[in-house]
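Bear in mind the structure is a predicted one, so any value in this text is a computation, not a measurement. Hydrogens, waters and symmetry mates are skipped; everything else that's a heavy atom, side chains included, is used. The residues of the chain are indexed from 1 along the displayed sequence.
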Amino acid sequence: MISNVQVLGVTPPGPMPSEVGVKCRFLVYRNRVETETDILVGKREDLLRRVNGGWKIARRKIVLDQSVLLAKNLTFFF
């Protein structure tokens with residue numbers, strides 16, 4: 001689940017920016033086999049860059065709210 005999406009800034013300013021900075025909050029719920037359940041909560045900061053008329057992720061920063069992760073792995077894309 002993605003929420004609280006905010007635009008941080010655009011470069012260059014105007015109607016056709018080439019880069020856009022955005023941030024949001026997320027919640028990831030994962031259930032594997034019978035007993036493994038993981039919940040990850042945090043924030044994400046992205047730099048989106050216009051490439052060939054579309055938007056690509058140029059940079060992504062993930063900050064988790066948990067200080068200890070009990071998940072066996074992190075094999076999913078935020």
Side-chain angles (χ1 to χ4, degrees):
M1 177 173 57
I2 303 288
S3 68
N4 299 348
V5 178
Q6 297 178 348
V7 175
L8 299 174
V10 296
T11 307
M16 292 294 289
S18 60
E19 291 186 345
V20 177
V22 295
K23 70 177 182 176
C24 67
R25 301 290 298 179
F26 67 85
L27 181 139
V28 175
Y29 173 83
R30 178 174 72 168
N31 188 355
R32 299 179 66 224
V33 292
E34 286 186 31
T35 59
E36 292 182 33
T37 301
D38 300 315
I39 298 175
L40 300 170
V41 179
K43 67 180 177 178
R44 187 175 89 181
E45 297 177 9
D46 294 329
L47 178 66
L48 306 175
R49 186 172 292 146
R50 188 185 304 268
V51 177
N52 297 328
W55 293 98
K56 302 283 184 178
I57 299 170
R59 183 177 62 230
R60 174 166 285 167
K61 178 181 174 183
I62 302 288
V63 179
L64 296 174
D65 287 347
Q66 292 100 320
S67 59
V68 175
L69 295 179
L70 300 176
K72 292 181 181 178
N73 57 46
L74 293 176
T75 58
F76 43 86
F77 180 69
F78 280 91

**Request:** Flag the pair Leu48 / Ile57 as yes when at least one side-chain heavy-atom distance between them is below 4.5 Å, and no otherwise.
**Result:** yes
Cluster question for you: counting only ILVMFWY and a side-chain heavy-atom cut-off of under 4.5 Å, with indirect links fine, are Val28 and Leu64 together? yes
(message) Do Trp55 and Leu8 sit in one hydrophobic cluster, given that two such residues count as connected whenever their side-chain heavy atoms are within less than 4.5 Å of each other, even indirectly?
(response) no
### same_hphob_cluster(Ile62, Val5) at 4.5 Å side-chain heavy-atom cutoff
yes
Problem set entry | Any Val41 side-chain heavy atom under 4.5 Å of Tyr29 side chain | no
- Can you check whether Leu69 reaches Asp38 side chain to side chain, under 4.5 Å on heavy atoms? no
So side chain to side chain donor-acceptor pair (under 3.5 Å) across residues 2-20, not counting sequence neighbours, yields Glu19-Arg49
**Request:** Report yes or no: does Arg60 contribute a side-chain atom to a donor-acceptor pair with the main-chain N or O of Arg44 at less than 3.5 Å?
**Result:** no
query: Any donor-acceptor pair under 3.5 Å linking the side chain of Gln66 with the backbone of Ile39?
result: yes
If you count heavy atoms of other groups shown closer than 6.0 angstrom to CZ of Arg30, is the number above 12? yes
Here the salt bridge (Lys or Arg N to Asp or Glu O under 4.0 Å) pairs for residues 20-29, sequence neighbours left out, are Arg25-Asp65
